[in-house]
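Note: hydrogens, waters and symmetry copies are ignored here, and every other heavy atom, side chains too, is used.
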There are 2 protein chains.
Amino acid sequence: MLAGTDSPQSATAPRTTATGEANRERILDAALARFARTGLSGTRIDEIAADAGLSKTNLLYYFRTKNALYLAVLRRTLEMWLEPLRQIDAGRDPQAALAHYVTRKLEAARDCPEASRLFALEVMRGAPMLSGMIAGDLKDLVDAKVALLRHWQAEGRIGVHEPHHLLFHIWAMTQHYADFAVQVEGLTGRTLDDPAFFEQALQAILAAVSGMAFGPPKD
Amino acid sequence: MLAGTDSPQSATAPRTTATGEANRERILDAALARFARTGLSGTRIDEIAADAGLSKTNLLYYFRTKNALYLAVLRRTLEMWLEPLRQIDAGRDPQAALAHYVTRKLEAARDCPEASRLFALEVMRGAPMLSGMIAGDLKDLVDAKVALLRHWQAEGRIGVHEPHHLLFHIWAMTQHYADFAVQVEGLTGRTLDDPAFFEQALQAILAAVSGMAFGPPKD
DNA sequence: GTCTATAAGCGGATAGAC
DNA sequence: GTCTATCCGCTTATAGAC
């Protein structure tokens, strides 16, 4: 699944005590915030430790190396990123399913932009820690959803564009508000935390998706 | 415009000789490729020097510090990134103008994905070197284009979504193919260099833009 | 302009006391 | 589990010969 990992806990401290688990969580939270902003190499572990209220040495007690910590953060964030996609299922009406997916993704961009940015940074580096996953779990999931979209196409329930692009563009538009939040706020003065702004963004994305999937008859 | 710069050439070597200028160009090219992949902190200047066929010390003769080199790369890449937006002008038909813009942006994503990734990385860091620009030149340009889109709206020539979102979504979709190229290729096995794939992506984006700007009458 | 050598500092990681 | 002290490698940047 993830490259460079031997066993799930191999690079981390052994036991599960009360304070131990709490500290691990605080470290992981602080690490996500830092890594998502400044990347692996741009983040210093003493910054993470300070954010988590620990000393650098103490952090290294819980996570033996910076890289092991980074991998732990990546692993913990994976499911959160993938989960909305799983919810597109054959049992739903295509339009409702896509609208639901877009909404979930935009909520994720609002509620946990760090997850989006972490993966964006990792992919832009060439995804050295995720390449196995992109070729594996993610590809399997995407292939399944693409097959479903093709099925809907064959039934004439959605439009004719290549399904991969539909998924890419949904990812692109929703994640843009997380990944480029600084730019969005700089240009508009607003963020997704503003409900009216969220709704504007959502409606525009839904209109775009409609254009791709239920677009105007070309005849 | 750019934070931290005194005068245009202050941090660089003085003269413009034949080999000098050629070396500077090769360094800037190599630096763009590296910075766009691994970011400022993740890139070592001896890697850039090696790519450019020079020694590290020699690189530091042309650019006194790594940061000065990074700024020079950023500055040189700015225009390339902004220029397509300037071409949306009032004299054109809205649909043609937007289609032209989308096409230019997707060509840029294909032909110079590094430029897109460099700015993506910079914005995700919080744009410390670009914040002045986002609040300045870029905002002025975007405001002007948003005003034009609102004008077209008032004339009933394009749809009703907030123009900012239309621009954001065009950026998001086109730049996705540059910024997430590794993921796109991992999931589809194809790249924008494949003309058929380029055309698929372009048509899907144009359909999305149509959905936002010329969407189906809601009545 | 380009080289060799080296200074200087940062940051990850370890040792060992408590 | 947490601390102090320290080591060590890596990378930027400089000095000075050619």
Side-chain angles (χ1 to χ4, degrees), chain A residues 4-6 9-31 33-35 37-74 125 128-129, chain B residues 4-6 9-31 33-35 37-74 125 128-129:
Chain A
T5 53
D6 311 5
Q9 303 289 354
S10 67
T12 62
R15 261 290 75 81
T16 303
T17 56
T19 60
E21 203 52 35
N23 280 341
R24 293 176 63 86
E25 288 303 315
R26 291 221 311 284
I27 293 169
L28 287 168
D29 289 342
R34 289 282 182 177
F35 286 141
R37 179 140 295 243
T38 46
L40 176 57
S41 57
T43 302
R44 294 194 308 271
I45 55 174
D46 60 344
E47 292 172 337
I48 297 171
D51 290 352
L54 281 76
S55 68
K56 180 175 65 166
T57 344
N58 202 8
L59 180 149
L60 286 168
Y61 168 77
Y62 290 102
F63 298 92
R64 280 186 153 70
T65 68
K66 185 193 196 183
N67 217 49
L69 172 58
Y70 181 75
L71 275 167
V73 173
L74 215 50
R125 295 201 303 161
M129 308 271 192
Chain B
T5 51
D6 311 7
Q9 303 290 354
S10 67
T12 60
R15 260 294 75 80
T16 303
T17 55
T19 61
E21 203 50 36
N23 280 343
R24 293 176 64 86
E25 289 302 316
R26 291 221 312 284
I27 292 170
L28 287 167
D29 290 342
R34 289 281 182 178
F35 286 141
R37 177 137 299 239
T38 47
L40 176 57
S41 57
T43 302
R44 295 194 308 271
I45 55 175
D46 61 344
E47 292 172 339
I48 297 171
D51 290 353
L54 280 78
S55 69
K56 179 177 62 170
T57 350
N58 203 6
L59 180 149
L60 286 167
Y61 168 77
Y62 289 102
F63 299 91
R64 280 185 152 73
T65 67
K66 185 194 196 181
N67 217 48
L69 173 57
Y70 182 75
L71 275 168
V73 173
L74 216 47
R125 296 203 300 164
M129 308 272 191

Pull out every protein N or O sitting under 3.5 Å from an N or O of nucleotides 12-17 of chain C, one pair per line with the distance.
from, atom 1, to, atom 2, distance (Å)
dG12(C), OP1, Thr43(A), O, 3.4
dG12(C), OP1, Lys66(A), NZ, 3.3
dG12(C), OP2, Ile45(A), N, 3.3
dG12(C), N7, Lys56(A), NZ, 3.0
dA13(C), OP2, Lys66(A), N, 2.8

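Residues meeting the salt bridge (Lys or Arg N to Asp or Glu O under 4.0 Å) test with Arg125(A), sequence neighbours left out: Glu122(A). Remark: Glu25(A) pairs with Arg76(A) by the salt bridge (Lys or Arg N to Asp or Glu O under 4.0 Å) rule, at least two apart or across chains. With sequence neighbours left out, Arg37(A) forms a salt bridge (Lys or Arg N to Asp or Glu O under 4.0 Å) with no residue at all. Listed by chain and residue number, nothing satisfies the salt bridge (Lys or Arg N to Asp or Glu O under 4.0 Å) test with Arg26(A) (two or more places apart in sequence, or in another chain). Applying the side-chain hydrogen bond (donor to acceptor under 3.5 Å, both in side chains) test to Asn67(B) and every residue at least two apart in sequence or in another chain returns nothing.
Candidate nucleotides dG1(C), dC3(D), dC3(C) were compared by shortest atom distance to the side chain of Thr17(B), and dG1(C) ranks first.
Residue Tyr61(B) places at least one side-chain N or O under 4.0 Å from the OP1 or OP2 atom of dG1(C).
Judged by distance alone, with hydrogens and angles left aside, the side-chain atoms of Lys56(B) form no donor-acceptor pair with the main-chain N or O of Ala50(B) at under 3.5 Å.
Rounded to whole Å, atom P of dG1(C) lies 10 Å from atom CZ of Arg24(B). Atom CG of Leu69(A) and atom C1' of dG11(C) are 15 Å apart (whole Å). Whole-Å rounding puts the Phe63(B) CZ to dT12(D) P distance at 15 Å. Atom CG of Asn58(B) and atom P of dA13(D) are 15 Å apart (whole Å). Distance Glu47(A) CD to dC10(C) P: 13 Å, rounded to the nearest Å.
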